[in-house]
Protein chains: 2
Amino acid sequence: MVDLKTQPVVGDEAVQPCCPPLTERPLSREESERTAKMFRALGDPVRLRLFSRIASFAGGEACVCDISDVGVSQPTVSHHLKKLKEAGLLTSERRGTWVYYRVEPSVLSTMGQLLVGQR
Amino acid sequence: MVDLKTQPVVGDEAVQPCCPPLTERPLSREESERTAKMFRALGDPVRLRLFSRIASFAGGEACVCDISDVGVSQPTVSHHLKKLKEAGLLTSERRGTWVYYRVEPSVLSTMGQLLVGQR
DNA sequence: CGTCCATATTGACACACATCAAAGCGATTC
DNA sequence: GAATCGCTTTGATGTGTGTCAATATGGACG
């Protein structure tokens, strides 16, 4: 049911231990570019709802059809899912007719540490 | 002078616990609107650098002059600081000739909990 | 008062982006 | 193969936003 064989990286390029907490030292330009992309991806209400629906779905993944009733057209849903994927927040896999999205495992804790430091 | 548009988006824990972790349950439309505003504020590289510089500055606050060499013009810096303030992430205070910005205390942990749950 | 300094606001402009209808594509079923 | 379903891509459009130059504001100091 839940297949955890995939352990992809975050974003289109490989990501090292990302960044220290925002309170530790000023971000460099490159760090800020990379990090801003993730925050911006969650900076749209529709994307945030889609992300939250996937993250809280039973099994940790959701078919597009499970989450697409958020008040915008289906192409728009697809557009937002693509953006979340490009930001490295989601991964997707086609299984038969359906496409399943799941939250990239490392993302939540990485962004969390950026905000609050060591857990 | 009290500018209502600069009041924090996140409420105090007792008053209004903002939102549960994104993984707990799907966000409502209102919750997503409110929360997306904060993420969007950090979704620009320049703003993220400014925020990080303030957050990591000695004393927990910084004068605009301390942080404004981020590669854009002075009006643009001012514009970004205003946006961060409107999102509830920063507060500002004028002292003599200078204006000091500091991170709104509750913000980091609130956004952190949104991502990683209870600490 | 006048000048200088630090920051904010205004106005203009180019570009990014959210959105939808329509068309395309992959997989299943008949 | 044809029809259908689930989803993505394309193209068009209106709105949002990052940026700067110019200007305004507000305090400090002669």
Side-chain angles (χ1 to χ4, degrees), chain A residues 12 27 29 32-51 53-54 57 61-87 89-102, chain B residues 1-6 27 29 32-54 57 61-87 89-102:
Chain A
D12 27 26
L27 256 46
R29 214 172 52 77
S32 67
E33 303 266 2
R34 202 158 15 106
T35 309
K37 219 170 283 180
M38 293 192 289
F39 281 115
R40 186 164 55 241
L42 294 181
D44 178 273
V46 175
R47 278 200 294 272
L48 201 51
R49 289 187 74 193
L50 289 170
F51 186 83
R53 281 165 97 112
I54 294 169
F57 213 82
E61 65 177 12
C63 166
V64 177
C65 58
D66 290 324
I67 56 170
S68 45
D69 56 328
V70 286
V72 295
S73 72
Q74 193 275 322
T76 300
V77 169
S78 194
H79 163 75
H80 283 308
L81 290 173
K82 187 180 183 181
K83 287 229 149 189
L84 287 165
K85 215 173 137 184
E86 286 172 354
L89 304 189
L90 294 180
T91 59
S92 70
E93 182 191 355
R94 172 156 219 146
R95 286 208 292 277
T97 306
W98 299 275
V99 177
Y100 291 85
Y101 282 82
R102 61 170 55 240
Chain B
M1 72 179 153
V2 176
D3 187 352
L4 290 181
K5 281 169 67 180
T6 62
L27 255 50
R29 216 174 51 76
S32 68
E33 303 265 2
R34 210 161 5 111
T35 309
K37 220 169 283 181
M38 294 191 290
F39 280 115
R40 187 166 53 242
L42 294 181
D44 177 273
V46 175
R47 278 199 295 272
L48 201 51
R49 290 187 74 194
L50 289 170
F51 185 84
S52 171
R53 281 164 98 112
I54 295 168
F57 211 82
E61 65 177 10
C63 166
V64 177
C65 59
D66 291 324
I67 56 170
S68 45
D69 56 330
V70 286
V72 295
S73 72
Q74 184 271 323
T76 301
V77 169
S78 194
H79 164 74
H80 283 308
L81 289 173
K82 187 181 184 182
K83 286 227 150 187
L84 286 165
K85 216 172 136 185
E86 286 173 356
L89 305 190
L90 294 180
T91 59
S92 70
E93 181 193 355
R94 172 156 219 147
R95 286 208 291 276
T97 307
W98 298 275
V99 176
Y100 290 85
Y101 282 81
R102 59 170 58 241

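In what follows, chains are A, B, ... by sequence order, proteins preceding strands, each numbered from 1.
Atoms CG (B:Asp66) and C1' (C:dA6) sit 12 Å apart, rounded to a whole Å. A:Tyr100 has its OH atom 11 Å from the C1' atom of D:dG6, to the nearest Å. The interatomic distance linking A:Lys85 (NZ) with D:dC7 (P) rounds to 13 Å, in whole Å. Between the CD atom of A:Glu86 and the C1' atom of D:dT8 there is a distance of 13 Å, rounded to whole Å. When rounded to the nearest whole Å, the span between CD1 of B:Ile67 and C1' of C:dT7 equals 12 Å. Atom pair B:Glu93:CD and D:dG27:P shows a separation of 13 Å (rounding to whole Å applied). Straight-line distance from the CG atom of A:Asp44 to the P atom of D:dG16: 13 Å, rounded to whole Å.
With sequence neighbours left out, the side chain to side chain donor-acceptor pair (under 3.5 Å) criterion links B:Glu33 to B:Arg29.
In plain terms, the two heavy atoms of B:Leu42 and B:Leu48 that are nearest each other are O-CD1, 3.7 Å. Nearest heavy atoms, B:Ile67 versus B:Leu50: O-CD2, 3.5 Å. Scanning both residues, A:Ser92 and A:Tyr101, for their nearest heavy atoms gives CB-CE2, 3.5 Å. The nearest pair of heavy atoms linking A:Arg47 to A:Arg40 is NH2-O, 3.4 Å.
For A:Thr97, the side-chain atoms get nearest to D:dC5 when compared with the rest of D:dC5, C:dA6, D:dT17. Side-chain proximity of A:Arg40 to the nucleotides D:dG26, D:dC7, C:dC17 is greatest for C:dC17. Candidate nucleotides C:dT19, D:dC7, D:dG18 were compared by shortest atom distance to the side chain of A:Trp98, and D:dC7 ranks first. Side-chain proximity of B:Lys82 to the nucleotides C:dT9, D:dT9, D:dG6 is greatest for C:dT9.
In this structure, B:Arg94 does not reach the C:dA8 phosphate: none of its side-chain N or O atoms is under 4.0 Å from OP1 or OP2.
You'll find the side chain of A:Leu81 reaches within 4.5 Å of the side chain of A:Ile54, heavy atoms only. Between B:Asp69 and B:Arg53, some side-chain heavy-atom pair lies under the 4.5 Å cut-off.
When heavy atoms are screened at a 4.0 angstrom cut-off, B:Tyr101 is found touching the sugar-phosphate backbone but no base atom. Across all strands shown, B:Arg95 has no heavy atoms under 4.0 Å from either base or sugar-phosphate atoms.
In this structure a side-chain-to-backbone donor-acceptor pair under 3.5 Å is missing from B:Ser32 to A:Arg49. Proximity of a side-chain donor or acceptor of A:Arg94 to a complementary backbone N or O of A:Gly96 within less than 3.5 Å is detected.
Both B:Val46 and B:Gly96 sit near DNA chain D, but only B:Val46 has its closest nucleotide nearer the 5' end.
At its two ends the helix from C:dC1-D:dG30 to C:dC30-D:dG1 runs along axes set 10° apart, each axis drawn from five pairs and the angle rounded to 10°.
The stretch residues 68-80 of chain A touches DNA chain C through A:Val72, A:Ser73, A:Pro75, A:Thr76, A:His79, A:His80, each having a heavy atom under 4.0 angstrom from the strand.
With rounding to the nearest 0.5 angstrom, the OG atom of B:Ser73 is 10.0 Å from the NE2 atom of B:His79.
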